[in-house]
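Working notes, beginning with the structure itself.
Order of the sequence lines fixes the chain letters, A, B, ..., with proteins taken first and strands second; residue numbering starts at 1 for each chain. Any value given below was found using the heavy atoms of this structure, including those in side chains, with hydrogens, waters and symmetry copies removed.
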Number of protein chains: 2
Amino acid sequence: MKISTKGRYAVRIMLDLAENDTGDYIKVKSIAKRQDLSEKYLEQIISMLNKAGFVKSVRGARGGYRLSKAPEDFTIGMILRLMEGSVSPAPCLDGGMSACSRCSSCGVISVWEELQQAINGVVDNITLQDLLDRKKIESVNI
Amino acid sequence: MKISTKGRYAVRIMLDLAENDTGDYIKVKSIAKRQDLSEKYLEQIISMLNKAGFVKSVRGARGGYRLSKAPEDFTIGMILRLMEGSVSPAPCLDGGMSACSRCSSCGVISVWEELQQAINGVVDNITLQDLLDRKKIESVNI
DNA sequence: AGCATTTCCCATTGACATGGTATGAAACAA
DNA sequence: TTGTTTCATACCATGTCAATGGGAAATGCT
């Protein structure tokens, strides 16, 4: 029932890009240092974010990454679905041929459906901007 | 983000036992047939349910399994937590040493906490009896 | 032009979990 | 005693996860 490291790290990476946005492009090396992640693994993850258009990149010296849109335009759900494929708790909710033949008679599927709705309700209603705001409020209270 | 087959099958097995309770003990073979699961794998799962005291067993001819308590005494959450260890979306919520050292400065953990609450809110508020009731209502509508 | 920096791309690895089989012993009813 | 059924354990094949490594291509700086 765990979200994979890919998914969780991706959220941290996106938030890091949002937090440290100075206008310049941000290097993998500096993200890795702040977030304490392996550069190589981080590279792999951010490459997926790049291919999906969530970040934009510049190669070469003084290159790096930045968010392609404003922090409020990215929900946690968008990021997780990209990395995980889906955020559903059971394969029969993902449609396609993984839908089990027993579904019609399966008394349990309603549980997974409720669960999925609950999950969506959370991840689709939190944006990176929300997280930035939370952090700001926290630091005031300290 | 998937619940493992162990967790999902366990719920189906428990519901099957609830549905087919005639007072007699129910054989693995008959559950496997109804639920279309491998007998051997099912055996493995129901053995965990047995050790946890969720079902009681009788060995030998005319033996089998039945629920140890009434269907309303088992929540989905109880079953999933037994099989999965936990239903939390991130290891740093499980306490112990898996709690990451970065938690205090981690802007993302609040997301996982919200997610966990949403998940708990679903699985801890559905019992096997609820599923029995739903099925009954459905069959009336058909 | 040449060099350092940095992203990009692909292949590989080790560990672990998943999903399932196989074998046989122990308990029990008829 | 014979057949049925749970119980216990070991085994295995496959896949995924999490990460590492090596080098090619692009870019800025001097």
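The nearest heavy atom of DNA chain C to B:K6 and to A:S47 marks one nucleotide each, and the one closer to the 5' end goes with A:S47. Two residues, B:K29 and A:Y41, neighbour DNA chain D, and the one matched to the more 5' nucleotide by heavy-atom proximity is B:K29.
For A:D24 and C:dT5, the CG to P distance is 17 Å, given to the nearest whole Å. The distance from atom OH of B:Y65 to atom P of D:dT4 is 18 Å, rounded to the nearest whole Å. With rounding to whole Å, A:K56 atom NZ is found 19 Å from C:dC8 atom C1'. Nucleotide C:dC8 holds its P atom 15 Å from the NZ atom of A:K27, rounded to whole Å. B:I46 has its CD1 atom 13 Å from the P atom of D:dA8, to the nearest Å. For the pair B:I3 CD1 and C:dT18 P, the interatomic distance rounds to 13 Å; values are reported in whole Å. Across the protein-nucleic acid pair, A:N50 atom CG and C:dT6 atom P stand 17 Å apart, rounded to whole Å. Protein atom CE of A:M1 is 17 Å distant from nucleotide atom C1' of C:dA17, rounded to whole Å.
Of the inter-residue distances, the one linking B:L37 atom CG with B:T5 atom OG1 reads 9.0 Å to the nearest 0.5 angstrom.
Of the candidate nucleotides D:dT6, C:dC8, C:dA29, C:dA29 has the atom nearest to the side chain of B:R62. Picking from D:dT6, D:dT20, C:dC8 the nucleotide with the shortest atom distance to the side chain of A:E43 gives C:dC8. When distances are taken from the side chain of B:K51 to each of D:dA8, C:dG20, C:dC8, the shortest belongs to D:dA8. If you check D:dG3, C:dC8, D:dC7 against the side chain of B:A61, the one that comes closest is D:dG3. Candidate nucleotides C:dG20, D:dA19, D:dT6 were compared by shortest atom distance to the side chain of B:S57, and D:dT6 ranks first. Among the nucleotides D:dA18, C:dT23, C:dG19, the one closest to any side-chain atom of A:T5 is D:dA18. When distances run from any side-chain atom of A:K40 to the nucleotides D:dG21, D:dA18, C:dT7, the shortest one goes to D:dG21.
The closest donor-acceptor contact from the side chain of A:R66 to the backbone of A:K56 lies at 3.5 Å or more, if one exists at all. Put simply, the side chain of B:N20 never gets that close to the backbone of B:L17: no donor and acceptor are under 3.5 Å apart. Using modelled atom types, no side-chain atom of B:D73 and backbone atom of B:K69 make a donor-acceptor pair closer than 3.5 Å.
Look at B:Y25 and you won't find any side-chain N or O under 4.0 angstrom from OP1 or OP2 of C:dA27. Taking side-chain N and O atoms only, B:S38 has a distance below 4.0 Å to OP1 or OP2 of C:dT21.
In the interface, the side chain of A:R59 is paired with the base of D:dA25 through a donor and an acceptor atom under 3.5 Å apart. Contact annotation: side chain of B:Q44 to base of C:dT18, donor-acceptor pair absent below 3.5 Å.
Taking both residues in full, the closest heavy atoms of B:G107 and A:K135 are given as N-NZ, 3.9 Å, listed atom of the first, atom of the second, then distance.
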Task: Test ring-ring contact (aromatic ring centres under 6.0 Å, His included) applied to B:Y65 and B:Y25, step by step - done: CA-CA 5 Å; B:Y65 295 92; B:Y25 282 80; 8.5 Å; no
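Backbone-only contact: A:Y9 has heavy atoms under 4.0 Å from sugar-phosphate atoms and none from a base.
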